[in-house]
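Everything on this sheet refers to the single structure shown next.
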Amino acid sequence: MPDHVYRSMELTGSSRSGMEDAIQNAIARAARTTPKLRWFEVVETRGHIEDDAVAHWQVTIKVGYHLDD
């Protein structure tokens, strides 16, 4: 089995419905232009408040993808 090399990038996804959707939104968008996504790590979670309620979840993730030889 050959050794692998990965590159990582940081993304912030947002969602009105929750943290998991925010992560899914970020990964889905990255997958449109970056092939071979392999892993993600949650770096930061925060939210936007409007009228004393959570309006948006914002999740920053680090995403790793495989580099071709």
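Predicted, not measured: the structure shown is a model, and the values here were computed from it.
Heavy atoms of other residues, nucleotides or ligands lying less than 6.0 angstrom from CZ of R46 number more than 12. For CD of E44, the number of neighbouring non-hydrogen atoms (other residues, nucleotides, ligands) closer than 6.0 Å is greater than 12.
For the atom pair K62 NZ and F40 CZ, the distance stands at 14.0 Å (nearest 0.5 Å). Atoms OG and CZ, on S8 and R38 in that order, are 14.5 Å from each other to the nearest 0.5 Å. In this structure, CE in M19 is found 6.0 Å from OG1 in T45, a value given to the nearest 0.5 Å. Rounding to the nearest 0.5 angstrom, the gap separating the CD1 atom in I27 from the CD1 atom in I61 is 4.5 Å. Atoms CG and NE2, from L67 and H4 in turn, are 11.5 Å apart once rounded to the nearest 0.5 Å. Interatomic distance, CG of L11 versus OG1 of T60, reported as 9.0 Å (0.5 Å rounding).
Among all heavy-atom pairs drawn from W57 and A22, the shortest one is O-CB, 4.0 Å.
In summary, the side chains of H48 and E50 do present a donor paired with an acceptor at a separation below 3.5 Å, with no hydrogens or angles considered.
Looking at V59 and T12, their side chains never come closer than 4.5 Å, going by heavy atoms from C-beta outward. The shortest side-chain heavy-atom distance between V63 and E10 does not fall under the 4.5 Å cut-off. In this structure the side chain of Y65 never reaches within 4.5 angstrom of the side chain of W39, judged on heavy atoms.
Using a distance-only test at 3.5 Å, with no hydrogens or angles considered, a donor-acceptor pair links the side chain of N25 to the main chain of S14.
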